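A, B, ... follow the sequence lines: proteins, then strands. Residue 1 opens every chain. Owing to the predicted nature of the structure, the values given are computational and were not obtained by experimental measurement.
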There are 2 protein chains.
Amino acid sequence: MEKKADDILKERQLSITDSRKKILSLFLHGTGALSHNDIEKKVGERFDRVTIYRTLQIFLEKGIVHSIPTADNSIQYALCRNECGSGHHHDNHVHFVCKHCGNTVCLEDVTVPAVKLPKGFSSSQVEMIVSGICKDCR
Amino acid sequence: MEKKADDILKERQLSITDSRKKILSLFLHGTGALSHNDIEKKVGERFDRVTIYRTLQIFLEKGIVHSIPTADNSIQYALCRNECGSGHHHDNHVHFVCKHCGNTVCLEDVTVPAVKLPKGFSSSQVEMIVSGICKDCR
DNA sequence: CAAATTTTTGCAACATTGTTGCGTTTCCCT
DNA sequence: AGGGAAACGCAACAATGTTGCAAAAATTTG
C-alpha cells in the first residue's frame with residue numbers, strides 16, 4: 001500500500017514527499033471521506049496545517065481526490081476512482097452522510113440519476129448527497 | 001411585502017424586530033439564495049454580524065429558510081415554501097448553482113429523483129445540487 | 001554521485017468566519 | 001404604560017483559511 005501512494009503521486013507528476021505520502025495513505029487505508037479537520041487530527045503533529053491545506057488543494061487539482069460539500073460547512077475529501085484525470089472529475093456517484101456516525105462515504109455503485117432542468121439551464125455537474133443511517137449504524 | 005414579512009414572523013411565533021424584518025425582506029424581494037456574507041454586505045452596517053448569524057439560525061429552525069451546501073464552503077440560505085413546518089423541512093427540490101454569475105437558485109418545480117441505495121442504508125434526506133449555466137447567463 | 005535547480009515545507013502573520021457570555025435595549029403581553 | 005421575556009450589540013475568543021518568505025527537501029542535470 002505504501003508503494004501504491006508513491007505510484008499515484010508519480011502518475012500525477014507530483015513530487016513524492018512525506019506529507020503527501022502520509023495524507024494519501026490515510027485515504028487509501030480508510031473507507032470514507034475525510035475533512036481537513038479529520039486529517040489534521042490524525043497527522044497534525046507531524047505536518048503543518050498549511051501543508052495539509054496545500055496538499056488537499058493539489059490533490060483536488062490533480063484529480064486524486066474530489067470534494068463533497070456538506071450541510072455543516074465542512075468540505076469532505078474522498079479518493080477519486082481511476083477515471084478522474086487532472087482537472088477533470090468524473091465522480092458522478094452518490095455521496096452518503098450518516099447522521100449517526102457522521103461518516104461520509106462514496107456510493108461508487110450508485111450513479112446520480114438524470115434530472116430534467118427547466119429551459120435555459122444547462123448543467124455541467126450534478127452533486128447528490130443523501131443523508132440518513134449507514135449500514136454500519138443500523 | 002413589508003407586511004408579508006411581519007406575517008411570516010408572526011406565523012412562526014417570532015418576535016418582530018427590525019433585523020428579522022430586514023433580513024426576511026431580502027429573501028422575499030430577491031430571487032436566489034443568500035449566504036451569510038451576502039446578507040452582511042447588504043445590511044452589514046445596520047446590524048451586527050452576530051445578529052445575522054442568530055437570525056439565520058432561528059429562521060432555519062423555524063422552517064422559514066433552508067440551507068444549501070455548496071462546494072466553496074459557503075452555506076446558502078433560501079426561502080422555504082409554505083409546506084415547511086417548524087423543524088420539518090420538505091424542500092425536496094433541486095438546487096442550481098450558476099458557475100457564471102455565482103447565484104444559487106431553487107428549482108422549485110424540479111423534484112429530486114428517487115435513488116436506490118445499497119442494502120442497509122436508509123435515507124432521511126436527499127440534497128441535489130446542479131451546477132452549470134443559468135438561464136440568465138446564457 | 002554531487003551540485004544546481006526547482007519544488008515543497010514550516011513559520012509567522014494576517015484575514016475571514018463562526019461562537020459565547022453578558023449587560024442593555026427592544027418587544028410583547030396585560 | 002409597566003413588567004417580564006426575548007433579542008441585540010459588543011467584546012472577546014475559537015476555528016478556519018490565506019499569503020509571503022526563508023529554510024529544507026526533492027528532482028534534475030552534469
**Asked** Should I64(A) and L14(A) be marked as a side chain to side chain contact (heavy atoms under 4.5 Å, CB included) after you check the CA-CA gap, both sets of side-chain angles, and the distance that decides it?
**Response** CA-CA 11 Å; I64(A) 297 175; L14(A) 291 174; 3.9 Å; yes

**Prompt:** How would you label the contact of R49(A) with the nucleic acid (heavy atoms, under 4.0 Å): base, sugar-phosphate, or nothing?
**Reply:** base

**Prompt:** Reading DNA chain D 5' to 3', which nucleotide is the first, and which the last, to come under 4.0 Å of any heavy atom in chain A?
**Reply:** dT16(D) to dT27(D)

**Request:** Verify side chain to side chain contact (heavy atoms under 4.5 Å, CB included) between L24(B) and L79(B), making sure each step is shown before the conclusion.
**Result:** CA-CA 9 Å; L24(B) 186 46; L79(B) 268 188; 4.0 Å; yes

**Request:** For T55(A) and for D18(B), find the nucleotide of DNA chain C with the closest heavy atom, then tell me which residue's nucleotide is more 5'.
**Result:** T55(A)

**Protein-nucleotide distance (D38(B), atom CG; dT16(C), atom C1'), rounded to Å** = 15 Å

**Prompt:** Base, sugar-phosphate alone, or nothing: which one does R54(A) contact when heavy atoms must sit under 4.0 Å apart?
**Reply:** base

**Asked** Are R20(B) and F59(B) close enough that some pair of their side-chain heavy atoms sits under 4.5 Å apart?
**Response** yes

**Prompt:** For S74(B) and D72(B), what are the C-alpha separation, side-chain angles and deciding distance, and is it a side chain to side chain donor-acceptor pair (under 3.5 Å)?
**Reply:** CA-CA 6 Å; S74(B) 75; D72(B) 65 335; 3.2 Å; yes

**Prompt:** Within this structure, what is the NZ-to-P distance between K21(A) and dT8(C), rounded to whole angstrom?
**Reply:** 15 Å

**Request:** Measure up the Y53(B) and H36(B) rings against each other and bin them: parallel (under 30°), tilted (30 to 60°), perpendicular (over 60°).
**Result:** parallel

**Request:** Report yes if a side-chain nitrogen or oxygen of N73(A) is closer than 4.0 Å to either non-bridging phosphate oxygen (OP1 or OP2) of dT17(C); otherwise report no.
**Result:** no

**Prompt:** Strictly under 6.0 Å, is that where the ring centroids of F96(A) and F121(B) end up?
**Reply:** yes

**Asked** Quick one: is S15(A) getting a side-chain N or O under 4.0 Å of the dT6(C) phosphate, OP1 or OP2?
**Response** no

**S124(B) side chain to S131(A) backbone, donor-acceptor under 3.5 Å** = yes

**Request:** Report the residue (L14(B) or E40(B)) whose heavy-atom-nearest nucleotide on DNA chain C is the more 5′ of the two.
**Result:** E40(B)

**Request:** Take atom CD1 of I52(A) and atom P of dT8(C), then tell me their distance rounded to the nearest Å.
**Result:** 17 Å

**Asked** Atom CD of Q57(B) to atom C1' of dT17(C): distance rounded to whole Å?
**Response** 14 Å

**Message:** Count I, L, V, M, F, W, Y as connected when their side-chain heavy atoms are under 4.5 Å apart, and connections chain through other members. Are I75(B) and L34(B) then in the same cluster?
**Reply:** yes

**Item:** Spacing between K10(B) atom NZ and dC27(C) atom P, to the nearest angstrom
**Value:** 13 Å

**Request:** Just jot down the side-chain contact (heavy atoms from CB on, under 4.5 Å) partners of R46(B), sequence neighbours excluded, or say none.
**Result:** K22(B)

**Prompt:** Which angle, rounded to 10°, do you find between the first-five-pair axis and the last-five-pair axis of the helix from dC1(C)-dG30(D) to dT30(C)-dA1(D)?
**Reply:** 40°

**Complete:** D48(B) CG to dG18(C) P, in whole Å, measures 14 Å

**Atom-to-atom span, OH of Y53(A) to P of dC11(C) - whole angstrom** = 16 Å

